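In this text, all values refer to a predicted model and were calculated from it rather than measured experimentally. As the structure lists them, so they are numbered: ligands from 1, and atoms in each ligand from 1.
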Amino acid sequence: MNNAELYQRSNNLQKRDAIVFLEQYAPKMKWKKSNNRILDIGCGDGSVTNMLKKYIPVDFKLLGCDISEKMVNYANDHHCNEQTSFTVLDIEGDLPEGMKGNFDHVFSFYALHWIINQERAFRNIFNLLDYKGECFMIFVAGAPVFDVYRILAHNNKWSKWLQDVDKYISPYHDSQEPAKEIRAMAEKIGFVDIDVDCKDLVFVYEDVDILRKAMTAINPFKVPQELYDDFMDDYLEILKEMNLVDKINNNYGKTVPFNYRLLVVYARKPSQDKMLDLSLENSTKE
Ligand SMILES: C[S@@+](CC[C@H](N)C(=O)[O-])C[C@H]1O[C@@H](n2cnc3c(N)ncnc32)[C@H](O)[C@@H]1O
Ligand SMILES: CC(C)=CCC/C(C)=C/CC/C(C)=C/C(=O)O
């Protein structure tokens with residue numbers, strides 16, 4: 001998953017969804033007249049971070065961050081300028097003190113489903129925001145790829161390389177009500193104006209070769225290079241068993257539609273006064 005060059009050639013689905021939801025949500029966000037401090041978490045190759053600029057006011061400082069140094073280096077090489085830069089940060093880890101409270105707007109596209117400890121990540125997002133700051137995130141709740149990962153992990157041929165499979169399955173893949181879970185977690189952390197939607201979406205790959213490249217671009221498993229084509233063949237066989245790809249002719253000359261569920265989350269950190277009121281209220285309750 002940290003091959004930035006491959007990812008930027010195969011992320012049409014991720015780019016499409018970023019555009020669809022930014023068109024809808026960005027105009028409703030509370031932008032400042034000047035000096036909007038913006039963070040994009042899980043920026044990857046930086047192409048979506050770059051697209052974000054179309055939806056924000058001209059006076060901004062934009063920082064992209066990612067756990068992968070390779071992704072960050074690629075993003076800096078291709079998209080860094082006076083207003084935009086990229087740095088390594090694990091959103092599930094300890095935050096550098098200097099970043100806390102330093103952002104007015106935090107975004108994240110197609111990254112938070114990679115995080116096991118969701119509460120830690122959401123708490124970190126809360127702590128990165130300044131008072132009255134807001135966040136907007138889209139990430140995968142459920143998708144057939146996660147079922148394929150589980151099946152491959154039970155296959156003797158591949159189990160050795162998929163031992164940590166659960167780390168790469170969205171924490172909401174088996175959830176009946178992911179939106180409800182996220183809302184409850186965000187409320188517990190202290191977010192307000194919370195809006196969580198779980199959308200049923202479809203993306204149509206033009207053909208199986210394009211699908212194969214997309215599968216490779218997001219593949220998190222370290223299968224040795226010499227076995228990789230065999231691994232992908234088995235991956236495709238499972239998609240055929242699931243009736244997602246035609247059994248007869250590999251879908252050649254035909255498009256491949258994929259259904260998935262996407263979480264769309266907006267939330268805000270309260271003002272300093274409001275937070276003081278809330279902590280006073282809580283201390284009198286105790
Ligand atoms: C599918 S890519 C999304 C890239 C980009 N946001 C986009 O929409 O195209 C997911 C990114 O999340 C990053 N990521 C995974 N776990 C992370 C973590 N704990 N902290 C920060 N980034 C993380 C991965 O390295 C990867 O670059
Ligand atoms: C490549 C493939 C089989 C896609 C199916 C549809 C879909 C929404 C996949 C998302 C999976 C994912 C983990 C994406 C990502 O991290 O960018």
Report all N/O contacts between ligand 2 and the protein shorter than 3.5 Å as a table of atom names and distances to 0.1 Å; if there are none, say 'none'.
unit_1, atom_1, unit_2, atom_2, d
ligand 2, 16 (O), H113, NE2, 2.7
ligand 2, 16 (O), W114, NE1, 2.9
ligand 2, 17 (O), Q14, NE2, 2.7

Classify the side-chain pair D17/Y110 by whether it contains a donor and acceptor separated by less than 3.5 Å. yes

Please work out which of the three classes, parallel, tilted or perpendicular, describes the rings of Y74 and H78, given edges at 30° and 60°. parallel

Spacing of CZ belonging to R120 relative to CD1 belonging to I189, to within rounding of 0.5 Å: 11.5 Å

Write none if no such pair exists; otherwise list each N/O atom of ligand 1 with its protein N/O partner under 3.5 Å and the distance.
unit_1, atom_1, unit_2, atom_2, d
ligand 1, 6 (N), G42, O, 2.7
ligand 1, 6 (N), F109, O, 2.8
ligand 1, 8 (O), F109, O, 3.3
ligand 1, 9 (O), Y7, OH, 2.7
ligand 1, 19 (N), D90, OD1, 2.8
ligand 1, 20 (N), I91, N, 3.0
ligand 1, 22 (N), I67, N, 3.2
ligand 1, 25 (O), D66, OD1, 2.6
ligand 1, 27 (O), D66, OD1, 3.4
ligand 1, 27 (O), D66, OD2, 2.7

Under the ring pair (Phe, Tyr, Trp, His ring centres under 6.0 Å) rule, what pairs show up with a residue in residues 11-43, not counting sequence neighbours? Y25-F136, W31-H105

Distance alone, cut at 3.5 Å: any donor-acceptor contact between the side chains of T216 and Y228? yes

Test side chain to side chain contact (heavy atoms under 4.5 Å, CB included), reference F60, set K32, Q83, R37, output is Q83

Would C43 and F86 count as a side-chain contact (heavy atoms from CB on, under 4.5 Å) if you check the C-alpha gap in whole Å, the side-chain angles of each, and the deciding distance to 0.1 Å? CA-CA 8 Å; C43 61; F86 299 87; 3.7 Å; yes

Residues in side chain to side chain contact (heavy atoms under 4.5 Å, CB included) with Y131, at least two apart? K269, Q272, M275

Between Y260 and F258, does the ring centre distance come in under 6.0 Å? no

